[in-house]
Amino acid sequence: MLNEPASFLNDERNEGRGGTGSPFLDEAPHENEDHQLIALRTLVASVLLVEREEAAPNRTTNPGERGDVMALNPESRVLVSFYGRLTTDSEKAYAQLDAALKPQDLLPVFRRERGQDAIHIIQGRVQPAKGGELASLILFVLTVLSVLYLGTTIAISELELRNPALYRQIIRALSQDGSAIFRELWRGLPYAASILLILGAHEMGHYLMSRRHKVAASLPYFIPFPFGIFGTFGAAIRLREPMRNRKMLFDIGAAGPLAGLIFAIPILLIGLATSYVGPVSPGGLVEGNSLLYALAKVLTFGRFLPSGGEDVFVNQLAWAGWTGLFVTGLNLIPIGQLDGGHVLYSLIGSRARRLYYPVILIMGVLVVVTNGALLLLLFLILFLGRIYAVPLDDITPLDPRRRMLAVLTLVIFAVVFVPVPLSQSSATIVERVPDSSITLPVVIGLMWLWHNRLHLRRARLRCGKI
């Protein structure tokens with residue numbers, strides 16, 4: 001889930017640009033300027049006890065924190081900022097100001113800076129871009145063909161175990177005529193349907209929640225990759241408007257992974273129940289374990305696999321389910337513009353940035369351990385990890401219900417993350433616990449508790465006083 005168009009609130013390129021449609025402040029001063037400023041002061045004073053005012057032309061520092069990203073009009077600019085203390089509920093205050101400023105093409109931005117509540121008035125509201133439906137459709141069709149191809153290769157490989165004669169017949173036909181693969185694509189339907197259902201549910205979770213909160217978003221863009229181990233690089237939607245507050249940030253960010261899991265888990269269980277268990281061949285690839293995947297195998301087979309030189313040879317459904325869990329775990333890494341980053345930021349605000357360097361360090365170690373299997377993800381985190389989709393109102397906290405769901409979502413990350421996605425099998429495999437499957441989530445959890453120990457201690461003291 002990406003924000004589009006992305007504008008940094010601290011991007012100095014936006015300063016000095018003009019805007020239109022505002023009766024309060026214009027770029028060039030004129031005789032009515034004092035009245036316009038008074039109108040803004042009066043409006044803001046209805047929700048904020050103003051202690052300090054800072055006009056944009058005299059600004060030495062830009063509002064917001066470094067790394068704040070919002071979907072703003074490229075022509076947007078900060079007009080004036082007010083600092084003080086809110087005199088009413090922040091969510092209601094924002095709704096009141098936004099309704100009053102909207103007809104004037106002005107936008108309020110709420111921040112808490114240096115112990116004060118700050119209200120920045122932005123000139124130039126977002127006009128959401130339209131289009132992209134044709135590109136979305138073309139990419140979806142290409143992705144369908146891509147995952148069909150991969151599913152077919154899995155199906156043919158399964159035949160080597162279940163029907164060797166048919167397997168040899170298909171291989172002979174393919175060696176004589178490469179185009180014969182198109183006649184076999186129907187065999188990949190189980191994988192194609194399953195993975196598209198999981199990824200589609202994930203992206204539609206984001207999309208439908210965006211529509212519910214009246215935030216403009218594109219249709220999902222699926223990314224084909226026929227020669228990869230998943231047949232696709234996943235999918236994404238593009239948010240075309242900024243999110244109002246942390247409640248929206250959480251709802252939209254968490255809806256995707258949770259919706260995808262609703263389908264991934266039953267598909268995985270059905271796939272495991274119909275997969276073959278047998279001796280492991282040396283040099284083959286073994287899919288990594290998460291806590292949830294390990295539990296699913298125990299529930300299905302009554303024992304942990306691989307063990308005793310045997311493992312489960314996942315069929316199309318099981319591979320789609322495992323892929324769904326793997327993708328969900330990657331998306332829920334609590335950093336940057338990943339879904340987990342949205343969830344963590346909605347829960348603890350700007351303190352979420354403290355995890356950036358520790359997560360980079362841990363991911364670097366995992367890249368070495370996995371012989372580069374997670375290198376692409378490390379680059380993604382380096383690129384997006386310090387950029388957070390900060391809502392317009394960054395003061396309003398999550399309500400208790402959403403706070404509980406946010407914690408649950410981070411727990412889900414701990415049980416679905418696969419730190420070692422693939423490894424080579426050996427001739428003898430001894431029984432073991434999951435492949436360090438709790439390493440990253442547990443370490444991140446401990447670091448989060450360490451960074452927030454003072455806040456937790458204060459909370460206990462407040463509870464004691466109550």
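Each residue takes its place number in the sequence, starting with 1.
- Of all heavy-atom pairs spanning Leu332 and Pro257, the tightest one is CD2-CG, 3.7 Å.
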> Are Leu268 and Leu325 close enough, and set up right, to give a side chain to side chain contact (heavy atoms under 4.5 Å, CB included), and what steps lead you there?
Replying inline: CA-CA 9 Å; Leu268 173 67; Leu325 297 186; 3.5 Å; yes
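- Within the 4.5 Å cutoff, no side-chain heavy atoms of Ile119 are placed close to those of Val109.
- Partners of Phe222 according to the ring pair (Phe, Tyr, Trp, His ring centres under 6.0 Å) rule, which considers only residues two or more places apart in sequence or in another chain, are Phe140.
- Using a 3.5 Å distance cut-off with no hydrogens or angles, the side chains of Glu287 and Tyr293 do pair a donor with an acceptor.
- Between Asp393 and Arg111 no salt bridge is recorded (no basic side-chain N to carboxylate O distance below 4.0 Å).
- Put simply, the side chain of Ile360 reaches to within 4.5 Å of the side chain of Leu378, judged on heavy atoms.
- Put simply, the side chain of Leu107 does not reach to within 4.5 Å of the side chain of Ile121, judged on heavy atoms.
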>> Is there a side chain to side chain contact (heavy atoms under 4.5 Å, CB included) between Asp339 and His202? Walk through the geometry before answering.
In response: CA-CA 11 Å; Asp339 294 338; His202 183 121; 3.1 Å; yes
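- The residues Arg246 and Asp394 are annotated as salt-bridged, a charged nitrogen and a carboxylate oxygen being separated by less than 4.0 angstrom.
- Looking at every heavy atom in both residues, Ala93 comes nearest to Thr88 through CB-CG2, 3.5 Å.
- Remark: the backbone N or O of Val47 is paired with a side-chain donor or acceptor of Thr87 at under 3.5 angstrom.
- A donor-acceptor pair is defined here as one N or O able to donate and one able to accept, closer than 3.5 Å; such a pair exists between the side chain of Gln316 and the backbone of Arg187.
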> Yes or no on side chain to side chain contact (heavy atoms under 4.5 Å, CB included) for Tyr191 and Leu317, after CA distance, side-chain angles and deciding distance?
Replying inline: CA-CA 6 Å; Tyr191 176 77; Leu317 291 180; over 6 Å; no
>> Between Leu43 and Leu97, does the side chain to side chain contact (heavy atoms under 4.5 Å, CB included) criterion hold? Intermediate values first, please.
In response: CA-CA 7 Å; Leu43 182 61; Leu97 277 184; 3.5 Å; yes
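- Using modelled atom types, one finds no donor on one side chain facing an acceptor on the other under 3.5 Å when comparing Thr232 with Ser146.
- Of all heavy-atom pairs between Ser275 and Val312, the closest is CB-CG2, 3.6 Å.
- A search for side chain to side chain donor-acceptor pair (under 3.5 Å) contacts involving Asn245 returns nothing, not counting sequence neighbours.
- Looking only at distances, a side-chain donor or acceptor of Ser218 sits under 3.5 Å from a matching main-chain atom of Arg238.
- Contact of the Tyr388 side chain with the Gln337 side chain is not registered, since no non-hydrogen atoms from C-beta on lie closer than 4.5 Å.
- Using a 4.5 Å heavy-atom threshold, the side chains of Leu239 and Met243 count as touching.
- In this structure, CG on Leu347 lies 11.0 Å from CG on Leu249, to the nearest 0.5 angstrom.
- Note: Phe230 and Phe326 meet the aromatic proximity criterion, with ring centroids under 6.0 Å apart.
- Closest approach of Ala99 to Pro103, counting heavy atoms only: O-CD, 3.3 Å.
- Heavy atoms from other residues, nucleotides or ligands lying under 6.0 Å from CZ of Phe233 number 12 at most.
- Of the charged side-chain nitrogens involved, at least one lies within less than 4.0 Å of a carboxylate oxygen, so that Glu91 and Lys247 count as a salt-bridged pair.
- Looking at heavy atoms from C-beta onward, Phe227 lies in side-chain contact with Tyr149 at the 4.5 angstrom threshold.
- Side chain of His206 to backbone of Ile252: a donor-acceptor contact under 3.5 angstrom is found.
- With Thr274 contributing its side chain and Ile270 its backbone, the two residues share a donor-acceptor pair below 3.5 Å.
- Inter-residue side-chain proximity for Ile237 and Leu219 is flagged as unmet; no heavy-atom pair is nearer than 4.5 Å.
- To the nearest 0.5 Å, atoms CZ (Arg402) and CG (Leu408) are separated by 15.0 Å.
- Counting all heavy atoms, side chain and backbone alike, Leu106 lies closest to Gln123 at CD2-CA, 3.7 Å.
- Panel note: side chain Ser136, backbone Tyr221; no donor-acceptor pair is recorded below 3.5 Å.
- For the pair Gly231 and Val147, the tightest heavy-atom approach, listed with the atom from each and the gap, is O-CG1, 3.8 Å.
- Note that the CE atom of Met204 and the CG atom of Leu199 stand 13.5 Å from one another [nearest 0.5 Å].
- Expressed to the nearest 0.5 Å, how far CG of Leu86 lies from NZ of Lys92 amounts to 13.0 Å.
- By the 4.5 Å heavy-atom criterion applied to side chains, Leu208 and Arg212 are not counted as neighbours.
- Once rounded to the nearest 0.5 Å, the distance linking CG of Leu40 with CG of Leu79 reads 7.5 Å.
- Rounding to the nearest 0.5 Å places CD1 of Ile267 at 11.0 Å from CG of Leu261.
- Between Trp319 and Trp322, the angle of the ring planes stays under 30°, which puts this pair in the parallel group of the 30/60° scheme.
- Remark: side-chain polar atoms of Glu158 are not paired, donor with acceptor, to backbone N or O of Asn315 under 3.5 angstrom.
- Using modelled atom types and a 3.5 Å distance limit, the side chains of Glu113 and His120 yield a donor-acceptor pair.
- Partners of Phe110 by ring pair (Phe, Tyr, Trp, His ring centres under 6.0 Å), not counting sequence neighbours, listed by chain and number: Tyr94.
- Classification of Asp98 and Arg125 as a salt-bridged pair holds, one side-chain N sitting under 4.0 Å from a carboxylate O.
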